[in-house]
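Everything quoted here is computed from the prediction, not taken from an experiment. When a ligand or atom number is given, it counts from 1 through the structure's own listing order.
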Amino acid sequence: MNPEDLGRTDFIIIGSGIAGLYTALHLADAGRVTVISKLDLCAGNTRFAQGGVAAAFYENDSPELHLEDTWRAGGAFGDRAAIGVMVREAPEVIADLIKRGVKFDSRNGAVLLSREGFHSRNRIWHIGGDATGKELLKVLLRDSKKKKIHFYENSFVEHLLTGESGCCGVSFIKGGKRFLLQAGAVILASGGCSQIYCYSTGANESTGDGLAMAYRAGAVLRDLEFFQFHPTVFFPPRGDPFLITEAVRGEGAYLVNHDGERFAEKYHPLGELGPRDVLARAILMERERTRLPVYLDLRHLGAAFIRERFPTVYHRCLEWGLDITRERIPVSPAAHYLIGGIVTDLEGRTAVRNLFAVGEVASTGVHGANRLASNSLLEGLVFGRRVACAAAAIRTIDRGGGRIKVKEYLAERNRSETAAGNDSACRAVRPLLQKLLWEKVGLLRSSFGLEEAVARFEQWLPLLNCRFMERELCENQNMLLIGLMMARAAAARRESRGCHFRDDFPESDPRLQGRHLVFKKQLQETGDMPGLDWDGIFHDYRNGGE
Ligand code: SIN
């Protein structure tokens, strides 16, 4: 089917979570901005974010302390320059949000800052108790609607269009039809890929589309072996797992085994506020040791406090008949956040001209090998503003130009892809790959399991050559591509570091300090190739260059 040519805009932003909307707001006065959202506006993980936004604002704290906490939580693997930018600009974005009318929780005029794991100070700004993401989106969406921003909802971006001047538009599918939209610059704010695992805290739409399309367009991906698992997730009898925010532990909740014994300190001196990966493994070990569930116990915090401070958690658990003011919450780890992503510089530029990335999809280097709690919303805000500034500054003459010739685009796509896809094989692959990644590329990894995972993924690769119009099938292709990269990177990193834990190599290897695994497609004249090009070699890959 021939795509409909929608003409041209100045900036396309893919994604309408915190990173996408905040970027859009800051870019709106620089030209025509079009936001494309896969589902309704505000889809993605932001709306589930409970904890808050980390920012050192007051005198008893400092950006330097925030930097050290972020760096240490990231296994001393993060980019200190990038972290420095994020923590120094954090107070500015908080001030901007307050100016926009965001009402951070406060009492008697004093902001109620909370603590989460590995933070040395109370510096988490939250809204509505544990509804931070949802409440922030309301304000950002309201402000976006006051600007001249064009929104396409329920529109699945399948490809980035590239030409001589870099990225110059997208093709997307909406209502069974394909569209082309050209632009001066494209900004990926499309989130991560937590759906790649069968148990995750993330949105169902979080399928790694941005990562996959950026790779196909020639951007560089790195650190895909680092995927963070959240230790405390409630698995209801039916439906999606539900995050129990780390803030409950920050307020003093205990992790206990079935006999009510606290065990976190056995695994880390910071106890319940230790790193997420350590606590997640501790929960698995405690469960294996006792063969019984592990719980979060909030009861000693008091019913009134629990209801006021954690209304989302309280009501969600109550829906399943669990009154957390009287009962303990059974918890298990689940996949939470992709640490790696598309390599960007400090203004969100990728290796492809006029293509930017921001938020979970990007790898700015701030998270190192493991992310500090409540730095994800912050990263989206700080770098969203920076991306907007950089994109706005591209001289008109340097913007993605040379209109895409629709006929040539079609001829190219048709050459590189078979006419019809194998629908049923591609549909069936999602649960298989989700289970495979959970079992073999999950919290505990070993050579044997990782090699098995890589081999299984390679068998599925022919599916990447098929062409589909259905969103679910395109997503499955994206998950296949990213899942293979994650498995390969995890197999190649023969050490444990941050959230990447290998049973067979439980220590960090000092020779791999600061060394990254990167994926970069060798662009072929004939377009997409099945399989995956990478050299499997560690690089000192820092913010866009070697
Ligand atoms: C949480 O509230 O525990 C999650 C917040 C985060 O991942 O930073």
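Close approach of ligand 1 to H336 is summarised as follows: ligand atoms under 4.0 Å from at least one heavy atom of the residue are 4 (C), 6 (C), 7 (O). Here is the list of ligand 1 atoms found below 4.0 Å of a heavy atom in G51: 2 (O). Residue A373 approaches ligand 1 through these ligand atoms, each under 4.0 Å from one of its heavy atoms: 8 (O). The contact set between ligand 1 and E246, taken as ligand atoms under 4.0 Å from a residue heavy atom, comprises 1 (C), 2 (O), 3 (O). If you number the atoms of ligand 1 from 1 as listed, the ones under 4.0 Å from a heavy atom of S374 come out as 6 (C), 8 (O).
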Legend entry - Test log, rule ring-ring contact (aromatic ring centres under 6.0 Å, His included), inputs Y337 and H230: CA-CA 8 Å; Y337 189 90; H230 198 290; over 10 Å; no

Inset, instruction - Any chance you could lay out the ring-ring contact (aromatic ring centres under 6.0 Å, His included) test for Y197 and F229, step after step, and finish with the verdict? - result: CA-CA 10 Å; Y197 289 101; F229 287 72; 5.1 Å; yes

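Using a 4.0 Å cut-off between a side-chain N of Lys or Arg and a carboxylate O of Asp or Glu, E475 and R430 qualify as a salt bridge. Ion pairing between a basic and an acidic side chain is recognised when a charged N comes within 4.0 Å of a carboxylate O; E246 and R276 show such pairing.
In terms of protein heavy-atom proximity, atom 2 (O) of ligand 1 is closest to T245 OG1, 2.6 Å.
F48 has its side chain out of reach of L243: every pair of non-hydrogen atoms, C-beta onward, lies at least 4.5 Å apart.
Among R371, E379, R276, E116, the residue whose heavy atom lies nearest to atom 4 (C) of ligand 1 is R276.
L221 and V343 make their closest contact through C-CG2, 4.3 Å (heavy atoms, listed as atom of the first residue, atom of the second, distance).
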